[in-house]
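Throughout, numbering of the chain's residues begins at 1 and tracks the sequence.
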Amino acid sequence: MRIRVAQPDDAPAVVALRALVYPYLVRGVESTRKMIAEPPPEEGWTAFVAEVDAQVVGWVSAQRVGWTSTADVGDISLLHVHPEHRRRGIGTALLTAATGHLAPLGIHRLRTWAQPDALPFAHRHGFQSSREVRYSALDLDPAPASPEPPPGVRLRPIAELDPHLLYEADAASAVDEPGDVPVDSISYESWQYDVWDNLGLDKQASTAAEVDGQIAAFSLVKRDGERMWSDYTGTVPAYRGRGLARLVKTAALHRAAAGGVRVAYTSNDEANAPMLAINARLGYRPVAAQWSCLAELT
């Protein structure tokens, strides 16, 4: 077993492994390759793979959380090992590599995620379960009908928008998003990397609602072939209570289906009752769960 820093050419193997362990996540080979080759700005991102007989059998990434006002928080993301290679110390070795990367960055609080059957592993390594996240899927055959916006509301693909205005709407809508730390300090550069310049972002399917010339709500679509991820659906606080989140998400799903997407996935914190209700009305079905887990790095 060998732990090493991930390389861009690992992308096909990394995506194949992720599809096996997390079939409900969507990130294609080229998007993964770019993430490894050109990591996110500002946040000290890195990733490690585990190899056995020159085959990638494990992955983890680690970075400083750069979109929150909470200081010194680090994420350890998607630590996973091929089912045939578990209980051999690979997960522990990947976790050690990730924490070893974060410690010199001044990180003192760690967050990771665990599927229910991985919670004992997380607990043994000092993590405590915090919040449950629901993963859901929606078949897009047949596609949702194209919604009719109410008077005064205009639906637009985000390809037509100034990205700075979409960033401002995203930042405003995310401030009260349920989570372990507030999403209240993302820079435009980090947002541009993660959202606007993401190779998987479908700017024709992703949809915004304009009211009086202002972006009031939006729903982002990231896709890989016939699969898509509803990356984030948000409404600026001043425009909530008008059904705009459901409107833009329905429109985005309709446009994605027209473009060849056959199944949509998304995730929501179990405390996010409004979005869970919207997804239920759209026909999403739960397919998996994960827990965020917190620990102190000493």
Side-chain angles (χ1 to χ4, degrees), residues 11-35 59 77-78 80 82-83 113 115 133-149 155-161 166 170 194-209 217-235 243-270 272 274-290:
V14 168
V15 170
L17 176 63
R18 184 170 62 236
L20 177 67
V21 180
Y22 303 104
Y24 44 87
L25 298 182
V26 179
R27 187 161 198 153
V29 170
E30 292 311 311
S31 179
T32 300
R33 189 189 307 276
K34 179 183 178 183
M35 178 178 64
W59 162 276
S77 299
L78 291 183
H80 58 291
H82 192 290
W113 287 263
Q115 295 170 318
V133 176
R134 182 190 307 183
Y135 289 81
S136 304
L138 174 66
D139 294 327
L140 294 181
D141 186 13
S146 179
E148 184 66 29
L155 293 176
R156 299 180 63 185
I158 68 166
E160 299 177 357
L161 303 179
L166 183 61
D170 193 337
D194 190 52
V195 178
W196 193 256
D197 291 340
N198 188 292
L199 295 180
L201 182 65
D202 187 333
K203 294 178 182 175
Q204 291 298 328
S206 299
T207 302
F218 59 91
S219 187
L220 303 179
V221 171
K222 292 180 180 176
R223 67 177 292 182
D224 179 32
E226 296 185 344
R227 304 166 70 243
M228 65 161 274
W229 179 258
S230 289
D231 191 54
Y232 180 53
T233 299
T235 303
L244 296 180
R246 184 183 180 199
L247 177 71
V248 292
K249 188 158 191 176
T250 304
L253 292 168
H254 173 82
R255 291 172 173 175
V261 173
R262 294 294 171 260
V263 60
Y265 297 93
T266 194
S267 67
N268 302 97
D269 191 289
E270 285 288 357
N272 193 347
M275 203 66 229
L276 289 171
I278 289 171
N279 288 340
R281 292 181 67 184
L282 288 170
Y284 278 87
R285 66 186 190 282
V287 294
Q290 290 197 62

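Closest heavy-atom contact between S77 and W59: O-NE1, 4.2 Å. Between A143 and A257, the closest heavy-atom pair is CB-CB, 3.4 Å. Contact between V261 and V263 at its shortest, heavy atoms only, is CG1-O, 3.5 Å. For the residue pair A245 and T235, the shortest heavy atom distance occurs at CB-OG1, 3.6 Å. The shortest non-hydrogen separation linking A252 to V221 is CB-CG2, 3.9 Å. Contact between S230 and L253 at its shortest, heavy atoms only, is OG-CD2, 4.4 Å.
Considering only heavy atoms from C-beta on, R285 comes within 4.5 Å of D139 through its side chain. M228 has its side chain out of reach of D202: every pair of non-hydrogen atoms, C-beta onward, lies at least 4.5 Å apart. Put simply, the side chain of L155 reaches to within 4.5 Å of the side chain of R255, judged on heavy atoms. The side-chain heavy atoms of Y24 and Q290, taken from C-beta on, include a pair separated by under 4.5 Å. Within the 4.5 Å cutoff, no side-chain heavy atoms of T233 are placed close to those of I278.
If you take CG on L276 and CZ on R134, they are separated by 4.5 Å, rounding to the nearest 0.5 Å. D224 contributes atom CG, which lies 10.0 Å from atom CD of E30 (distance to the nearest 0.5 angstrom). Residue I158 holds its CD1 atom at 11.5 Å from CZ of R156, rounded to the nearest 0.5 Å. Rounding to the nearest 0.5 angstrom, the gap separating the OH atom in Y284 from the OG atom in S267 is 10.5 Å. For the atom pair L201 CG and D231 CG, the distance stands at 8.0 Å (nearest 0.5 Å).
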Let's go through V26 and R223 carefully: what are the C-alpha distance in whole Å and the side-chain angles of both, what is the deciding distance for side-chain contact (heavy atoms from CB on, under 4.5 Å) to 0.1 Å, and is it a yes or a no? CA-CA 7 Å; V26 179; R223 67 177 292 182; 5.6 Å; no
K249/N279 under side-chain contact (heavy atoms from CB on, under 4.5 Å): CA gap, chis, key distance, verdict: CA-CA 9 Å; K249 188 158 191 176; N279 288 340; 2.8 Å; yes
Evaluate side-chain contact (heavy atoms from CB on, under 4.5 Å) for T207 paired with H254, printing each intermediate quantity in order. CA-CA 10 Å; T207 302; H254 173 82; over 6 Å; no
Start with the C-alpha distance between L17 and H80, add both sets of side-chain angles, then the distance that settles side-chain contact (heavy atoms from CB on, under 4.5 Å), and finish with yes or no. CA-CA 9 Å; L17 176 63; H80 58 291; 3.7 Å; yes
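Partners of A11 under the side chain to side chain contact (heavy atoms under 4.5 Å, CB included) rule, at least two apart in sequence or in another chain, are V29, T32, R33. Here Q204 pairs with nothing under the side chain to side chain donor-acceptor pair (under 3.5 Å) rule; sequence neighbours left out. For T250, the side chain to side chain contact (heavy atoms under 4.5 Å, CB included) partners are P144, P147, R246, L282, not counting sequence neighbours.
In this structure a side-chain-to-backbone donor-acceptor pair under 3.5 Å is missing from Q115 to Y22. Remark: the backbone N or O of W196 is paired with a side-chain donor or acceptor of K203 at under 3.5 angstrom.
Aromatic ring orientation, Y135 versus W229: tilted (interplanar angle from 30° to 60°).
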